[in-house]
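This report refers to the structure that appears directly beneath it.
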Amino acid sequence: MWSNIGLDKCTAFISSEFQAKGKSSSDAGPARPAITISRMAGAGGHAVASALAEYLQSHVSTHDEWTVFDKNLVEKVLEDHHMHKRIADFMEEGRKSMLQDSLEEWMGLHPSAWTLVQQTSATILQLAKIGQVILVGRGAMVTTRKLKTVFHVRLVASLEKRIKRVEEVYGLKGKAAADYVLTKDEGRRHYIKDNFEADIDDPLLYHVVINTDMLRYDEAARLIGNEVIARYGLARSRESARK
């Protein structure tokens with residue numbers, strides 16, 4: 001499932017970008033946009049991101065892969081800032097009391113939550129500027145809002161459908177699935193509010209808000225992909241490649 005989302009893909013992307021350094025800007029070619037995906041729990045964030053990467057890969061003429069950064073983004077942050085992998089446990093999109101965070105920082109368990117968020121945002125911004133990436137969660141739509149080459153998407157769905165999807169994907173049942181959805185939603189809401197003073201449900205943060213009750217994941221991916229291709233002139237590059 002979602003075989004094109006993983007740390008190996010992200011590592012390959014980063015390696016290729018380092019090798020590309022030194023090329024002249026005239027060789028940059030067409031625009032390299034980025035896409036952010038904010039999602040309600042169970043609304044299909046992973047599935048849509050994976051399908052979108054595949055769709056863009058097959059419809060945009062480029063030798064570079066579209067790369068999805070989701071949970072693997074944490075690994076990139078840890079690498080960028082030379083932090084131990086155990087710190088990943090403290091980097092969930094959730095809310096922690098100031099007292100608990102301060103005690104854990106004082107005990108040396110991890111840097112402060114604010115430091116972790118700042119470092120995550122710096123990595124997100126760097127990746128978005130490189131382009132041809134799909135950034136899922138972690139306030140990416142707020143961090144990159146001043147970049148004109150970034151397209152922002154919000155995925156929503158009914159609570160009933162989202163609980164059912166969580167049951168199917170994660171094997172949770174009944175109350176456990178409902179608790180998972182509600183806890184994740186609340187954590188993400190607070191993550192955006194506490195760290196960016198924004199409302200994750202504000203439609204003005206996004207170019208499009210998609211209801212995955214009404215559209216299949218592949219349909220949502222195609223809708224997003226076609227808009228990105230049209231908006232950033234990627235179809236023209238495809239025609240040029242045929243000449």
Side-chain angles (χ1 to χ4, degrees), residues 2 4-5 9-10 13-14 16-17 28-40 43-73 76 93 120-157 188 191-192 195-196 198-212 214-240:
W2 313 318
N4 61 346
I5 299 180
K9 294 286 184 181
C10 298
F13 173 84
I14 298 300
S16 69
E17 289 307 317
R32 287 172 59 95
I35 300 166
T36 71
I37 296 180
S38 170
R39 73 289 190 217
M40 289 181 169
H46 286 91
V48 172
S50 177
L52 177 57
E54 290 183 4
Y55 185 82
L56 289 169
Q57 192 67 41
S58 62
H59 287 78
V60 175
S61 178
T62 176
H63 295 297
D64 299 324
E65 287 193 33
W66 280 82
T67 306
V68 179
F69 285 85
D70 186 6
K71 286 189 175 181
N72 43 53
L73 175 60
K76 181 69 176 72
E93 290 176 293
T120 301
S121 296
T123 299
I124 286 172
L125 194 59
Q126 180 184 26
L127 291 170
K129 287 178 178 178
I130 292 171
Q132 214 148 311
V133 294
I134 300 168
L135 303 164
V136 182
R138 299 191 179 275
M141 74 290 194
V142 182
T143 301
T144 63
R145 59 186 165 188
K146 292 184 179 179
L147 299 181
K148 294 182 179 179
T149 54
V150 183
F151 189 82
H152 306 293
V153 178
R154 173 74 168 161
L155 302 179
V156 302
R188 290 168 184 170
Y191 184 87
I192 301 302
N195 296 304
F196 303 102
D199 178 2
I200 198 172
D201 296 310
D202 181 1
L204 298 181
L205 291 175
Y206 312 99
H207 289 88
V208 295
V209 178
I210 297 175
N211 180 356
T212 57
M214 308 293 285
L215 289 176
R216 297 193 312 269
Y217 297 150
D218 62 316
E219 293 174 330
R222 186 166 63 249
L223 186 155
I224 299 164
N226 286 340
E227 179 57 28
V228 169
I229 289 169
R231 177 175 291 262
Y232 299 106
L234 302 181
R236 288 195 296 272
S237 68
R238 189 180 186 189
E239 292 300 319
S240 300

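For the single chain, residues carry numbers from 1 onward in sequence order.
Under a 3.5 Å cut-off, the side chain of S50 and the backbone N or O of H46 do not form any donor-acceptor pair. Remark: the backbone N or O of R32 is not paired with any side-chain donor or acceptor of Q132 at under 3.5 angstrom.
Put simply, the side chain of I229 reaches to within 4.5 Å of the side chain of H59, judged on heavy atoms. Side-chain contact between T123 and F69: absent, with no pair of heavy atoms (C-beta onward) separated by less than 4.5 Å. With contacts defined as side-chain heavy-atom distances shorter than 4.5 Å, the pair L223/E227 does not qualify. Side-chain atoms of V48 and I224, non-hydrogen and from C-beta on, do get closer than 4.5 Å to each other. Taking the side chain as every heavy atom from C-beta outward, T120 and T143 never approach each other to under 4.5 Å. Taking 4.5 Å as the limit, some side-chain heavy atom of F151 sits within range of a side-chain heavy atom of V208.
With values rounded to the nearest 0.5 angstrom, L127 atom CG is found 9.5 Å from T67 atom OG1. Remark: I192 CD1 to R138 CZ distance equals 10.0 Å, nearest 0.5 Å. Summarising the geometry, atom CD1 belonging to I210 is positioned 6.5 Å from atom CG belonging to L215; distances are rounded to the nearest 0.5 Å.
The two residues L234 and W66 make their nearest non-hydrogen contact at CD1-CZ2, 4.3 Å. Here the closest heavy-atom approach between residue E65 and residue Q57 is recorded as CA-OE1, 2.9 Å. Among all heavy-atom pairs drawn from P33 and V228, the shortest one is CG-CG1, 4.0 Å. L135 and A128 make their closest contact through CD1-CB, 4.1 Å (heavy atoms, listed as atom of the first residue, atom of the second, distance). The two residues A49 and V136 have their closest heavy-atom pair at CB-CG2, 3.9 Å. When all heavy atoms of H152 and L205 are compared, the closest pair comes out as CB-O, 3.6 Å.
Shown here are the ring-ring contact (aromatic ring centres under 6.0 Å, His included) partners of Y217, two or more places apart in sequence or in another chain: there are none. Take N226 and apply the side chain to side chain donor-acceptor pair (under 3.5 Å) test, not counting sequence neighbours, and it matches Y55. Taking A43 as the reference, M40, L155, A157, R162, T212 meet the side-chain contact (heavy atoms from CB on, under 4.5 Å) condition, with sequence neighbours excluded. For H207, there are no side chain to side chain donor-acceptor pair (under 3.5 Å) partners two or more places apart in sequence or in a different chain. Take D218 and apply the side-chain contact (heavy atoms from CB on, under 4.5 Å) test, not counting sequence neighbours, and it matches R216, R222.
Within the structure, the ring-ring contact (aromatic ring centres under 6.0 Å, His included) test picks out no pair touching residues 126-150 (sequence neighbours left out). Residue pairs meeting the salt bridge (charged side-chain N to carboxylate O under 4.0 Å, His left out) criterion with at least one member in residues 142-157, sequence neighbours excluded, are R154-D201.
Among I37, D202, I200, the one residue that satisfies the side chain to side chain contact (heavy atoms under 4.5 Å, CB included) test with M141 is I200.
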